[in-house]
2 protein chains.
Amino acid sequence: MSLTCGFAWLDVEVGMMASMADVARRANVAVSTVSYALNGTRPVAKATAERIHRAMEELGYRPNALARGLASKRSRNIALIFPMLERGLGLTEMEFVSAAAETAGELGYHLVLWSTPLGDTDLLTRLTRQGLVDGVVIMEVHLDDARIEMLRRTGVPFCMIGRTGENREDPFADIDFESTIRDAVAHLAGLGHRTVGFINHSRASFDAGYGPSVRAARAFEEAARDSGLRHFSRFCDDSPTAGREMWPEIVAAQPGVTGVIVMNERAGAGVLAAILRSGARVPEDFSVLSVASSERVAEMTYPPLTTFHPPAAELGRLGVQVLIDRLEGGEVPLVQQLIPCRLVLRDSTGPATRQPGAGI
Amino acid sequence: MSLTCGFAWLDVEVGMMASMADVARRANVAVSTVSYALNGTRPVAKATAERIHRAMEELGYRPNALARGLASKRSRNIALIFPMLERGLGLTEMEFVSAAAETAGELGYHLVLWSTPLGDTDLLTRLTRQGLVDGVVIMEVHLDDARIEMLRRTGVPFCMIGRTGENREDPFADIDFESTIRDAVAHLAGLGHRTVGFINHSRASFDAGYGPSVRAARAFEEAARDSGLRHFSRFCDDSPTAGREMWPEIVAAQPGVTGVIVMNERAGAGVLAAILRSGARVPEDFSVLSVASSERVAEMTYPPLTTFHPPAAELGRLGVQVLIDRLEGGEVPLVQQLIPCRLVLRDSTGPATRQPGAGI
DNA sequence: TTGTAGGCGTTATCAG
DNA sequence: CTGATAACGCCTACAA
């Protein structure tokens, strides 16, 4: 008795994993019965179940994930396609990843990170064919994305964060850029701004068909026109320097400007710096409205940025949930969810007071 | 012929995974031979190998990761213990995670993210006992960390990012806070500052034995004393607000202060804001030196922060490499590497010019 | 140089 | 309600 106990204890401490066979032996039942008791796949007598569970306890038993996956053809792993960008990922993405990992855990799944270059379909194919994961959540989707095409063809279950140009039947969760940008324009218009600008990500990202760049650009043109505002748009590299260098050009070309919407966190900081350095004030002379930039960054600038902040955590959670629903439920409704960014008022926007054309 | 070809094509496209048996059949060899050819575990005739590889190509064969792991008892998965903090993770951590994921991929491993609350040893135990991963890289290590204790006991291979209080035999990669802080103090001293302060993370983090908080605090006291500087230290919550609120108290209590070292990204932004709002200038009146805060944030403040920036990517890469070395190499030397933060000069530090005690 | 066969720890299909 | 016993896809002695 005490000997057995000793062994069990040893097993637990040393991590010499106990198998189902061990549990079965100790509970005096067949392995299959242990399996059934574990998964509730088949009714098991109360007394038997009790014995089995006690044996598991005593042995510190945990089912082997690999064996389980091999036998059931369901690994309970999902992958997060984690784009390998030169420019690196931001805080928004970090929030997203955290939420995804947490959600996966809660639902009994493991999240594996596949760091892959954006265009590398081959690598992705090789990875998915290893049978390690049951499906994937894919980030940074482009309007015309070869990776999505490949996932569709090969029948790998997936959920997009973002979306392609034409989405027929594929599940996704994305920011509602249309409504967000409309709200942003309305915010400035409501403050009396008559000439507003839009500072986008780089031209390269737009040309590559990066969803946010393209959708926001279109949405801005439309919303500004509908509001009867004078307006202009600019592409800008994702760096403070680029933003700083662009500002003088903007004021020169658009003398009437009093407000800008910036969907480029890093460039936004540069714009802010350029304005202050020029001797102008924010928001008295110029309003700067940040879109889809992280809380943490927005509150660190001077002045703190009024911002439409992205639902990163919601997207992460949703993406994983939707994917797992598809993996488990046989026929689940198609989820294609758009979530708008939420306005957080800080100190970088205010009534338009600067006289158009007045010197700065 | 064309029929077979057709099937192969179909298999590849539809993802109906081909197994080793399929390859063996097509190449007219035994499964074991395929295995040997694949892993180079045993010499295989050139012609045979060729046939096998061709068959693999044609079938789009990829070895099944689960089966391989089950049979070999090596999953080629490693986990990243990804702390679930209320306050969330920052850009530095994001860089770290990216590098870890990338490195794992390069070395033929998968990185799985285990989002676990800091104290939850039980959860961690359950996870490691599933046999899904061969080892773990563990972040946010505390001086007295129950998780490490548990990993040691259960014999799970691991590598720490950070380190516990007394490290005998455990591999780690960590920031060299001692030398970094010494350099930081020297930087300010060299600029002529005679009274300097240190703004740490929260008292809670210090009391919890969070390595960076504790080591940096000690290092600062020592370095400042050795340099013959007047000095003081403060704990501060990780938020701009906390930093902003703390500043007036500091100036009141330490009238001679001309420079502060801030190891708290978010509080640092608040301090900067408070100084500017008070009408003082940075760096003319006060120098603000940021330690271990991310590039991306430092360049976005106004003025851009001079900073000792953390080797996040190196740590991520190193942590994974060291772990995998241990998993593969039988007897590898113990790696316990400290990497200092690197000084990046920006605009927030300069010569001490303010007259001590002069009004601001 | 190659083939045969047992085993890795589950699940799931048979019977009882 | 429960027990045997094939798979699952691969690795690795042991034989030939």
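Chain letters run A, B, ... following the sequence lines, proteins first and then strands; every chain starts at 1.
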Remember a base hit wins even if backbone is also touched, and classify [X] as base, sugar-phosphate or nothing at under 4.0 Å, heavy atoms.
X	value
A:V29	sugar-phosphate
A:R74	nothing
A:S32	base
B:S19	sugar-phosphate

Write out all pairs satisfying ring pair (Phe, Tyr, Trp, His ring centres under 6.0 Å) with one or both partners inside residues 133-157 of chain A, taking only residues at least two apart or from two chains.
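For residues 133-157 of chain A, and leaving out neighbouring residues, the ring pair (Phe, Tyr, Trp, His ring centres under 6.0 Å) pairs sorted by first residue read A:H142-A:Y210.
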Determine which pairs satisfy ring pair (Phe, Tyr, Trp, His ring centres under 6.0 Å) with at least one residue from residues 30-55 of chain A, sequence neighbours left out, and list them in order.
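Residue pairs passing ring pair (Phe, Tyr, Trp, His ring centres under 6.0 Å), neighbours aside: none found.
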Applying side chain to side chain donor-acceptor pair (under 3.5 Å), can you list everything that pairs with [X], at least two apart in sequence or on another chain?
X	result
A:T33	none
A:T48	none
A:N167	A:T164
B:E106	B:R317

Atom pairs and distances, donor-acceptor, side-chain atoms in residues 63-81 of chain B, under 3.5 Å, two or more places apart:
{"unit_1": "B:N64", "atom_1": "OD1", "unit_2": "B:L66", "atom_2": "N", "d": "2.8"}
{"unit_1": "B:N64", "atom_1": "OD1", "unit_2": "B:A67", "atom_2": "N", "d": "2.8"}
{"unit_1": "B:R68", "atom_1": "NH1", "unit_2": "B:N39", "atom_2": "OD1", "d": "3.3"}
{"unit_1": "B:S72", "atom_1": "OG", "unit_2": "B:R68", "atom_2": "O", "d": "2.7"}
{"unit_1": "B:S72", "atom_1": "OG", "unit_2": "B:R74", "atom_2": "N", "d": "3.3"}
{"unit_1": "B:S72", "atom_1": "OG", "unit_2": "B:R74", "atom_2": "O", "d": "3.4"}
{"unit_1": "B:R74", "atom_1": "NH2", "unit_2": "B:Y109", "atom_2": "OH", "d": "2.6"}
{"unit_1": "B:S75", "atom_1": "OG", "unit_2": "B:N77", "atom_2": "N", "d": "3.1"}
{"unit_1": "B:S75", "atom_1": "OG", "unit_2": "B:L132", "atom_2": "O", "d": "2.8"}
{"unit_1": "B:S75", "atom_1": "OG", "unit_2": "B:D134", "atom_2": "OD1", "d": "3.1"}

B:R326 side chain reached by B:F158 side chain, heavy atoms, under 4.5 Å
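No. Closest side-chain heavy atoms not under 4.5 Å.
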Does any residue of residues 36-48 of chain A have a heavy atom under 4.0 Å from DNA chain D, and if so, which ones, in number order?
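The stretch gives A:R42, A:P43, A:V44, A:A45, A:T48 as the residues lying under 4.0 Å from the strand, ordered by number.
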Without swapping roles, check the side chain of A:E102 against the backbone of B:S115 for a donor-acceptor pair under 3.5 Å.
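Flag not set: sc A:E102 to bb B:S115 has no pair under 3.5 Å.
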Do any pairs count as a salt bridge (Lys or Arg N to Asp or Glu O under 4.0 Å) and have a residue in residues 137-151 of chain A, sequence neighbours left out, and if so which ones?
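Every salt bridge (Lys or Arg N to Asp or Glu O under 4.0 Å) pair that includes a residue of residues 137-151 of chain A, provided the two are not neighbours, is A:R87-A:E140, A:D145-A:R147, A:E149-A:R152.
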Do any side-chain atoms of residues 118-125 of chain B form donor-acceptor pairs under 3.5 angstrom with protein atoms, and if so which ones, sequence neighbours left out?
{"unit_1": "B:D120", "atom_1": "OD1", "unit_2": "B:D122", "atom_2": "N", "d": "3.4"}
{"unit_1": "B:D120", "atom_1": "OD1", "unit_2": "B:L123", "atom_2": "N", "d": "3.0"}
{"unit_1": "B:T121", "atom_1": "OG1", "unit_2": "B:G119", "atom_2": "O", "d": "3.4"}
{"unit_1": "B:T125", "atom_1": "OG1", "unit_2": "B:T121", "atom_2": "O", "d": "2.7"}

Mapping A:Y61 and B:T33 onto DNA chain C by nearest heavy atom, which one lands closer to the 5' end?
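Mapping each residue to its closest nucleotide by heavy atoms, the 5'-most match is B:T33.
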Give the first and the last nucleotide of DNA chain C, reading 5' to 3', that has any atom under 4.0 Å from a heavy atom of chain B.
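Reading along DNA chain C, I get C:dT1 to C:dG9.
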With a strict under 4.0 Å distance from non-hydrogen atoms of chain A, what nucleotide opens and what nucleotide closes the contacted stretch of DNA chain D, reading 5' to 3'?
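Range of nucleotides within reach of chain A: D:dC1 to D:dG9.
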